[in-house]
Amino acid sequence: MYRILLATDGSEHAEKVVAHALKIAEAMKAEVYILTVVGEYVFSPRVSVQFSDDNWKLINQQLKEEAEELVEKAAEPFKAKGLTVKTEVVIGHQSPADVICEKGREWNIDLVIMGNRGLRGIKEVFLGSVSNKVAHIGCTSVMIVK
Amino acid sequence: MKRILVAIDGSDHSEKVVNEAIKVAKGLDASVTVLKVTGEYDFKTRISVHMSDEYWEQIKKNMKTEAEEVVNKAAAKIKESGLKVDTKVLVGKQSPAEGICKMADRDGYELVILGSHKLKGIKEAFLGSVSNKVAHCTKTNVMIIK
């Protein structure tokens with residue numbers, strides 16, 4: 001069974017990524033894993049105030065709920081085509097690229113599909129996008145949707 | 001994604017790239033062009049002696065012939081699987097990434113499939129891999145086969 005990991009972040013571009021992933025998934029009759037990675041890394045470039053532990057917990061909870069909605073929404077078109085879909089949200093300190101590689105190994109993924117730009121705007125310009133990093137790490141085959 | 005450009009270099013890994021490309025192209029019912037970029041770029045990384053023009057011309061001719069053998073062999077395999085296929089060899093001063101991106105964008109391919117090569121250490125730091133460069137320089141979707 002061919003396994004695809006769709007890494008999504010809910011950005012505008014993500015819709016296009018889902019559309020392409022759907023084509024590939026149908027073509028390969030693949031099992032689809034949809035992953036989004038959220039956590040403190042999302043926040044750090046935007047705010048620089050100190051949060052209390054309680055506030056961090058609240059923030060993480062909020063992020064988790066949003067991310068769960070996001071992956072469920074992304075899963076809909078795949079389910080509509082009768083494909084098997086598993087969704088997962090990872091919260092934490094790790095970089096998305098590392099999580100994608102780790103999950104790719106865990107799930108025995110044949111192909112990771114992701115966009116070349118996302119929500120993080122300027123940070124990507126400086127640090128390189130998540131897709132670049134995954135391609136650079138070379139942990140799995142990658143399709144980058146432009 | 002009905003037109004796929006498969007870029008190979010004739011290394012052992014190219015075989016896997018071609019096999020994966022066949023799977024994807026079959027699923028998408030796409031036509032395939034097999035491309036190899038060769039030329040001075042290939043050569044200059046290997047030697048740095050000065051050569052006469054005549055000698056250069058002969059070398060380029062040989063490189064073209066070798067490249068044609070590589071793409072024809074891959075094309076035969078793709079054709080065997082029932083897909084529509086053609087071939088292209090680019091000989092010139094351009095780097096492989098430049099050649100791949102130019103052709104993909106100019107001729108309106110919807111997906112580029114190529115392999116990732118793990119260069120080691122300093123060479124990677126300075127040159128970057130062809131697959132990373134292509135992921136940057138083309139406007140189209142890129143599938144990097146590990």
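Below, chains carry the letters A, B, ... as their sequence lines are ordered, and counting in each starts from 1. Computed over heavy atoms, backbone and side chain alike; hydrogens, waters and symmetry mates excluded.
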Chemist: Check the hydrophobic clustering (I, L, V, M, F, W, Y; side-chain heavy atoms under 4.5 Å; chains of links allowed) and say if A:V89 and A:V32 are grouped together.
Modeler: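 Yes, A:V89 connects to A:V32 through the hydrophobic network.
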Chemist: Can you tell me if CD on B:E15 sees more than 12 non-hydrogen neighbours from other groups inside 6.0 Å?
Modeler: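 Result for CD/B:E15: open.
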Chemist: May I ask whether B:I22 and B:M1 are part of the same hydrophobic cluster, defined by side-chain heavy atoms of I, L, V, M, F, W, Y residues being less than 4.5 angstrom apart, directly or through others?
Modeler: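 Linked, B:I22 and B:M1 end up in one cluster.
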Chemist: Could you walk me through whether A:I24 and B:M143 pass side chain to side chain contact (heavy atoms under 4.5 Å, CB included), step by step?
Modeler: CA-CA 11 Å; A:I24 298 285; B:M143 191 183 285; 4.1 Å; yes
Chemist: What closest approach, in Å, do B:I145 and A:S141 show between heavy atoms, and which atom pair accounts for it?
Modeler: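 Heavy-atom minimum between the residues: CA-OG, 3.4 Å.
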Chemist: Where does B:S131 contact chain A at under 4.5 Å (heavy atoms): side chain, backbone, both or neither?
Modeler: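 For B:S131, there is no contact with chain A at all, as no heavy atom is under 4.5 Å.
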Chemist: Should we count NZ of B:K77 as having more than 12 external heavy atoms under 6.0 Å?
Modeler: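 Yes, because the 6.0 Å sphere around NZ of B:K77 holds more than 12 heavy atoms from other groups.
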Chemist: Return the NZ to CD distance between A:K146 and B:E110, rounded to the nearest 0.5 Å.
Modeler: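 A:K146 NZ to B:E110 CD: 15.0 Å, rounded to 0.5 Å.
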Chemist: Report which part of A:I113 has an atom under 4.5 Å of a heavy atom belonging to chain B: side chain, backbone, both, or neither.
Modeler: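 Neither part.
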Chemist: Rounded to the nearest 0.5 Å, what separation is found between the OG1 atom of B:T140 and the CD1 atom of A:I144?
Modeler: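 It is 11.5 Å, given to the nearest 0.5 Å.
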Chemist: Please report the interatomic distance NZ(B:K146) to SG(A:C139), rounded to the nearest 0.5 Å.
Modeler: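 One finds 7.0 Å between NZ of B:K146 and SG of A:C139.
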Chemist: Could you tell me whether a side-chain N or O of A:K23 sits under 3.5 Å from a main-chain N or O of B:L28, the two making a donor and an acceptor?
Modeler: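 Looks like no, no N/O pair under 3.5 Å.
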Chemist: Which pairs of donor and acceptor atoms, one on a side chain in residues 72-83 of chain A, lie under 3.5 Å apart (sequence neighbours left out)?
Modeler:
unit_1 : atom_1 : unit_2 : atom_2 : d
A:E72  : OE2    : A:T87  : OG1    : 3.0

Chemist: Less than 4.5 Å to any heavy atom of chain A: does that hold for the side chain of B:L111, its backbone, both, or neither?
Modeler: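 Interface part for B:L111: side chain.
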Chemist: Are B:Y55 and B:M63 in one and the same hydrophobic cluster, where Ile, Leu, Val, Met, Phe, Trp and Tyr link if side-chain heavy atoms are under 4.5 Å apart?
Modeler: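 Per the 4.5 Å side-chain linkage, B:Y55 and B:M63 are co-clustered.
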Chemist: Please determine whether residues A:I4 and A:L70 belong to a single hydrophobic cluster, defined as Ile, Leu, Val, Met, Phe, Trp and Tyr linked transitively by side-chain heavy-atom distances below 4.5 Å.
Modeler: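 Result: no, two separate clusters.
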Chemist: Is B:K23 in contact with chain A via its backbone, its side chain, both, or neither, using a 4.5 Å heavy-atom distance?
Modeler: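 For B:K23, backbone and side chain are both near chain A.
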